[in-house]
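Input: a single structure, listed below in structure tokens.
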Amino acid sequence: MKLFYTPNSPYARIARVATLELNLCDQIETQKVIARDPNSDLLNYNPTGKVPTLTTDDGFILSETRIICVYLNHLNPEIKLVTDISNGFLQQLEGMTGGFIDGIAVWVRELRRGS
């Protein structure tokens, strides 16, 4: 498997931390890419250029952080990393956390653009 990431992406960081926490580092190769680079290898796997992007051993390409984390957690179910969908409160907390990260990501991007 291969996980494409950029160092500044909070979403890619979540996927990389999930890889570490689930003890999957020996199964997943990580490849640093440059976002919005027309020559990036990432575009061969994900034409949207979004990170994180995970290519699985069976040929699937996953590009949403939550989906990637659920897939990775399936590879090591002994560690509970993602929210159980039957627990509404935990799903609400996860959604709020995701919204918080989205807000920070936009804010940081705007601060960098203004510099």
Side-chain angles (χ1 to χ4, degrees):
M1 284 184 280
K2 185 184 287 190
L3 179 66
F4 295 92
Y5 75 96
T6 60
N8 293 334
S9 168
Y11 308 104
R13 193 170 301 118
I14 290 167
R16 289 169 50 214
V17 168
T19 300
L20 289 167
E21 291 295 324
L22 292 166
N23 302 314
L24 298 172
C25 293
D26 59 336
Q27 297 176 43
I28 300 172
E29 174 188 351
T30 56
Q31 183 173 336
K32 181 177 162 184
V33 295
I34 298 172
R36 297 170 191 78
D37 178 0
N39 299 315
S40 176
D41 284 345
L42 172 62
L43 297 177
N44 296 324
Y45 298 92
N46 184 352
T48 68
K50 289 177 67 175
V51 293
T53 293
L54 178 72
T55 63
T56 67
D57 290 338
D58 48 2
F60 287 101
I61 298 171
L62 309 174
S63 65
E64 294 296 327
T65 306
R66 169 93 169 116
I67 294 169
I68 291 170
C69 289
V70 168
Y71 179 83
L72 295 176
N73 208 164
H74 175 72
L75 298 175
N76 186 356
E78 299 205 6
I79 298 173
K80 194 65 175 159
L81 194 63
V82 294
T83 305
D84 180 352
I85 61 170
S86 66
N87 188 324
F89 178 71
L90 291 179
Q91 282 191 301
Q92 184 177 15
L93 287 178
E94 185 177 327
M96 290 169 48
T97 303
F100 183 70
I101 292 170
D102 290 344
I104 290 174
V106 169
W107 181 53
V108 168
R109 204 170 17 242
E110 291 300 317
L111 285 175
R112 287 183 181 156
R113 186 177 298 163
S115 301

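Among residues two or more places apart in sequence or in another chain, the side chain to side chain donor-acceptor pair (under 3.5 Å) test is passed with Asp37 by none. Residues meeting the side chain to side chain donor-acceptor pair (under 3.5 Å) test with Thr53, sequence neighbours left out: Asn46.
Residue Gln27 holds its CD atom at 6.0 Å from CG of Leu75, rounded to the nearest 0.5 Å. Going from atom CD1 of Ile34 over to atom CG of Asp41 covers 11.0 Å, rounded to the nearest 0.5 Å.
Sorted by first and then second residue, the salt bridge (charged side-chain N to carboxylate O under 4.0 Å, His left out) pairs with a member in residues 70-83 form an empty list; sequence neighbours excluded.
Annotation: side chain of Leu24 is not in contact with side chain of Met1 (no heavy-atom distance under 4.5 Å).
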Under 3.5 Å donor-acceptor pairs involving side-chain atoms of residues 14-23, not counting sequence neighbours:
residue : atom : partner : partner atom : Å
Thr19   : OG1  : Ala15   : O            : 3.0

Enumerate, atom names and distances included, each donor-acceptor pair closer than 3.5 Å involving a side-chain atom of residues 58-71, sequence neighbours excluded.
residue : atom : partner : partner atom : Å
Asp58   : OD1  : Thr56   : OG1          : 2.5
Glu64   : OE2  : Lys50   : NZ           : 2.7
Arg66   : NE   : Glu94   : OE2          : 3.0
Arg66   : NH1  : Glu94   : OE2          : 3.3

List the atom pairs, donor and acceptor, that lie under 3.5 Å between side-chain atoms in residues 3-11 and the rest of the protein, sequence neighbours left out.
residue : atom : partner : partner atom : Å
Ser9    : OG   : Tyr11   : N            : 3.3
Ser9    : OG   : Ala12   : N            : 3.0
Tyr11   : OH   : Asp102  : OD1          : 2.4

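Here the options are Thr55, Leu72, Asp57, the test is side-chain contact (heavy atoms from CB on, under 4.5 Å), and the partner is Ile28; only Leu72 passes.
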